[in-house]
There are 2 protein chains.
Amino acid sequence: MSRASDRAYDHIRSMILSGELQSGSQIREEALAELCGVSRTPVRDALRRLETEMFVRRNESQRSFVADWSLDDLEDAFQLRAMLEAHAAKRAAARISRDQLARMRFHNAQLKQAIDASRPDVPKFLDNNRLFHALILEAAASERLASMLLQVTEQPVVLRTARQYDLENLRRSHHEHDEVLIAFDNRDGDWAAAVMTAHIRRAFHAYAEAHSTNTEIGKSNMAA
Amino acid sequence: MSRASDRAYDHIRSMILSGELQSGSQIREEALAELCGVSRTPVRDALRRLETEMFVRRNESQRSFVADWSLDDLEDAFQLRAMLEAHAAKRAAARISRDQLARMRFHNAQLKQAIDASRPDVPKFLDNNRLFHALILEAAASERLASMLLQVTEQPVVLRTARQYDLENLRRSHHEHDEVLIAFDNRDGDWAAAVMTAHIRRAFHAYAEAHSTNTEIGKSNMAA
DNA sequence: CGAATGGTATTTGTATACAATAAGCTATCG
DNA sequence: CGATAGCTTATTGTATACAAATACCATTCG
């Protein structure tokens, strides 16, 4: 992470997420290089990565622009995510080890603690939520699937909506995780997949509903 | 395509597919640069692309290696492909235009001609097969889905098996395409998805069966 | 004899200069 | 007045030199 291209990547990515670089605006390699304090070479590297992750888009003559994301994009990303996470859950049900299951239980318990505290500890929730889902992916044992899922969870549209939560949604997430665990205990891949689909789709609709009364992006509920 | 980095990409990719660069072997940027007749800069560019496409893998200290693919990888890729193509078919059923449908029919007819000829015209079959599937993807109208599908169809494991065919499998493909078209006519997304899943999985098993009696990769049946 | 250490060679990462290409602008012609 | 050809500027692409990191090997020390 000390390599210049990684710093450039992180810097540009966070500038996009924060809105410092406006959606749709052109970005020039040299300007970014100055902003990041590196030369164009690592910036080009970073831009290529951000392009495959759909943070950046290039026109036919190779100019780069900050991608702009619509609500359709969000639904699209969530639909794919639901499908992929369900698939992961199904595969995981057939492959997961005792140890992995134990670790999943641990993270779901931690996540419950974060909610049950007098004031919900959202960062703690998010962290354990992330680890819970990561363990499913690990148990699913498909590198390709993992890289695809990364593509739809690390989308700007998703990340920018994953900031605020209401308690009700956090609790539901916890219970849905519990149900996934029971499905795993029973090695019931179809059950696990169905719960996971519902889990992701609920998260999407929680967002969409909040969004319909609040057009500002990034102020919505979305925990999966 | 006249840019040096594109030439490097094509060159390296074809060297990997042809086996000229052996699976698992390390590849050095400078050596590739000489082979491609360009400098290291565009080679690095090409390697990054090939890495995201899983043609090339890098170890923890950034050395690059030609990826090696197992039968498990093949099944994995096909499983994901079946899921994604089914999803595409379902979306397409709800969105496809008259014109797109007409073009799909045309390509399926051409594909039939290629089989019915006294000697099957495999390249013609493949071309129209590709265009048929591309139209579904176009009608599905999801850029993300398209890029993911590319990731599993452009895999070395898949490409190296997509060379030889038997007539029986070609005919089945044609009929399955016909059924997809009928499902589209009826705007029945679930039907279209089911047919597509079967279509891809049949292709996989045709390969797997052939492979079990012929361990040499690249000499098998697989048309989807 | 095995492990740790240091030096050397190999390989990748970065900066920079220059080349190629595309965009924008101005002047000219229909 | 509108379109377009040609020039100018802006931007990306490539080559190359050098810096940094890593691997490889030999040697020494426990």
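A quick note: this is a predicted structure, and the numbers were derived from the prediction, not measured. Here is the naming used below: chain letters follow the sequence lines, and residue numbers restart at 1 for every chain.
DNA chain C is contacted by both B:Ser64 and A:Glu60; B:Ser64 maps to the nucleotide lying nearer its 5′ end (nearest heavy atom per residue). Comparing B:Gln26 and B:Gly37, the nucleotide of DNA chain D nearest to each residue sits closer to the 5' end for B:Gly37. Two residues, A:Ser39 and B:Arg63, neighbour DNA chain C, and the one matched to the more 5' nucleotide by heavy-atom proximity is B:Arg63.
Which of D:dT11, C:dT11, D:dA17 sits closest to the side chain of A:Arg28 comes down to D:dT11. Comparing D:dT11, D:dG13, D:dT16 against the side chain of A:Gln62 picks out D:dG13 as the nearest. Nearest nucleotide to the side chain of B:Ser5, out of D:dT14, C:dT12, C:dT14: D:dT14. The side chain of A:Glu29 lies closest to D:dT12 when the candidates are D:dT16, D:dT12, C:dA22. The side chain of A:Thr41 lies closest to C:dT14, out of C:dT14, C:dT12, D:dT11.
No side-chain donor-acceptor contact under 3.5 Å links B:Asn129 to the backbone of B:Leu126.
One finds a side-chain N or O of B:Arg44 lying less than 4.0 angstrom from the OP1 or OP2 phosphate oxygen of C:dG13. Phosphate contact (OP1/OP2 of C:dG13, side-chain N/O of B:Arg48, threshold under 4.0 Å): present. A close approach under 4.0 Å does not occur between any side-chain nitrogen or oxygen of A:Arg3 and OP1 or OP2 of D:dT22. The shortest distance between the side-chain N/O atoms of B:Ser61 and the OP1/OP2 oxygens of C:dT12 is not below 4.0 Å.
Nucleic acid contact for A:Ile27: sugar-phosphate only, since backbone atoms but no base atoms lie under 4.0 Å from a heavy atom of the residue.
Closest of all the heavy-atom pairs between A:Ser23 and A:Ala67 is OG-O, 3.6 Å. Of all heavy-atom pairs between B:Leu137 and B:Leu145, the closest is CD1-CG, 4.3 Å.
Distance A:Glu30 CD to C:dA15 C1': 12 Å, rounded to the nearest Å. Here the C1' atom of nucleotide D:dA23 and the CZ atom of B:Arg58 are 16 Å apart, to the nearest Å. Note: CZ (B:Arg40) to P (C:dT10) measures 15 Å, nearest angstrom. Put simply, CZ on A:Phe65 is 11 Å from C1' on C:dA23, counting in whole angstrom units.
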Under the criterion side-chain contact (heavy atoms from CB on, under 4.5 Å), I'd like the reasoning laid out for B:Met104 against B:Ile96: C-alpha separation, chi angles, the key distance, then a yes or no. CA-CA 10 Å; B:Met104 283 182 70; B:Ile96 196 161; 3.5 Å; yes
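Using a cutoff of 4.0 Å between basic side-chain nitrogens and carboxylate oxygens, A:Arg13 and A:Asp6 are not scored as salt-bridged.
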